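First the structure, in the form of structure tokens, and then the observations on it.
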Amino acid sequence: MLRAHAEVAEGDELPPLHATVTRTDLVRYAGASGDFNPIHWNERVAREVGLPGVIAHGMLTMAMATRLVTAWAGDPAAVVECGVRFTRPVVVPDEGVGAELEITGSVTQRRDDGTVAVAITARSAGQTVLGRATATVALRC
Amino acid sequence: MCRVACTAVPLDSSFIGRSYPPTAAYSVGREKIREFADAIGDDDPVLRDADAARAAGHRDVIAPPTFAIVVSLRSWQTLLDDPELGLDYSRVVHREQSFTHHRPIRAGDELVTTVHVDDIRSAAGNDFLTVRSEVADASGEPVTTARSTLVARGTSDQQGSA
């Protein structure tokens, strides 16, 4: 159920989300999204274009970051705007374990129109991988 | 390395302001939404179960907010198919992405996307291409505005000679 605007205060922390991304997840996301750029599955091509190895689709990281918000809001339709900058690649090694993603967020603004602004942080291997990650969420009034 | 870098040429800034013809309609299916939800690990029932979606006030299952990339990517194909622009997707990395949802995408939608080139600039030896995909439904009503900044790596002489 959609979260009530009245129950939210600026500074509220969203429940954090921990996810693991493996090469299998990248193949699955490539198929689901239609993004078959080989840098997300082919080590040789990734290195040829100067990357340290196969990297996750930025959009998969953004999807995880958005999940943090939709799960908290109670309805995926509540996210009326979202935006990110992909600041560091999420390198996904081919050793079966994959890359860890740690997503956190907090309410930065509560507006009179029934929306709130959420700032999101995404980290992998101890470094932030998204910049300016924000969402505008329309809550129940 | 040379194969990639030596054939690269900078993108032409005269493409700024250009828009491409609308895409063919994309039919949003329940199973495609489920497949996408599986790929991003989202188990929300409103993405998977029409009854749950209706109980939450939606007409049918809805798509997660970043599902709009599916139709955005298809709209980029018109750019990639433009030999005059000369964009090589294997050299492209995604720099920025935003979505403004005028309403949620839902199963049964017939989505038509028009892609606009909003900006092209060069910095640090790379080209930055900002593309806006305007997604509308069958009646022409706006559904989503998707803005993407793509970086074509190593299109300058600096990187080409490296």
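Excluded from the calculations below are hydrogen atoms, water molecules and symmetry mates; all remaining heavy atoms, backbone and side chain alike, are included. To find a chain, count down the sequence lines: A is the first, B the second, and so on, and within it residues start at 1. Since the model is a prediction, treat every value here as computed from it, not as a measurement.
T144(B) OG1 to E81(A) CD: the interatomic distance, rounded to the nearest 0.5 Å, is 11.5 Å. Rounding to the nearest 0.5 Å places OG of S98(B) at 11.5 Å from CZ of R132(A).
Note on L2(A): it clusters hydrophobically with V118(A), by side-chain heavy-atom contacts below 4.5 Å among ILVMFWY residues. Both L80(B) and I120(B) sit in one connected hydrophobic cluster of ILVMFWY residues. Membership requires side-chain heavy atoms under 4.5 Å apart, directly or through other members. Linking Ile, Leu, Val, Met, Phe, Trp and Tyr residues whenever their side-chain heavy atoms come within less than 4.5 Å places L79(B) and I69(B) in a single cluster. In terms of hydrophobic clustering, with Ile, Leu, Val, Met, Phe, Trp and Tyr side chains grouped at heavy-atom distances under 4.5 Å, I103(A) and L14(A) are assigned to a common cluster. When the side chains of ILVMFWY residues are joined at heavy-atom separations under 4.5 Å, either directly or via intervening members, L60(A) and L73(B) end up in a single hydrophobic cluster.
Contact annotation for I62(B): only side-chain heavy atoms (C-beta onward) come within less than 4.5 Å of a heavy atom of chain A. In this structure, chain A has heavy atoms under 4.5 Å from both the backbone and the side chain of V70(B). For a residue to count as touching a neighbouring chain, one of its non-hydrogen atoms must lie under 4.5 Å from one of that chain's; by this rule L51(A) touches chain B with backbone and side chain alike. Proximity to chain B involves both the backbone and the side chain of M62(A), based on heavy atoms less than 4.5 angstrom apart. Proximity to chain B is limited to the side chain of T66(A), based on heavy atoms less than 4.5 angstrom apart. For L47(B), the part lying under 4.5 angstrom from a heavy atom of chain A is the side chain only.
Of all the listed residues (G83(A), C82(A), G31(A), A77(A)), the one sharing the greatest number of non-hydrogen pairs under 4.5 Å with chain B is C82(A). Between chain A and the options A37(B), P65(B), P104(B), the largest number of non-hydrogen pairs under 4.5 Å is found for P65(B). Per-residue counts of heavy-atom pairs under 4.5 Å with chain B were compared for R28(A), H57(A), M1(A); the largest is that of R28(A). Of the residues considered (L130(A), V84(A), T87(A)), V84(A) shows the highest number of contacts with chain B, using heavy-atom pairs under 4.5 Å. When each of L26(A), D35(A), V21(A) is checked for heavy-atom pairs under 4.5 Å with chain B, D35(A) comes out on top. Interface remark: of the candidates I105(B), V46(B), T66(B), D38(B), T66(B) forms the most heavy-atom pairs closer than 4.5 Å to chain A. Counting heavy-atom pairs closer than 4.5 Å to chain A, the top-ranked of the candidates K32(B), R103(B), E35(B), Q97(B) is Q97(B). Note on H94(B), R95(B), R74(B), H101(B): by heavy-atom pairs under 4.5 Å with chain A, the leading option is R95(B).
Across every non-hydrogen atom of R67(A) and I40(B), the tightest pair is NH1-O, 2.8 Å.
D75(A) has its side chain within reach of H58(B): a pair of non-hydrogen atoms, C-beta onward, lies under 4.5 Å apart. Contact annotation: the side chain of T70(A) never approaches that of D44(B) to less than 4.5 Å [non-hydrogen atoms, C-beta and beyond].
Under the 3.5 Å distance criterion, the side-chain polar atoms of N37(A) are matched with a main-chain donor or acceptor of V92(B).
No more than 12 heavy atoms of other residues, nucleotides or ligands shown are found within 6.0 angstrom of CZ on R59(B).
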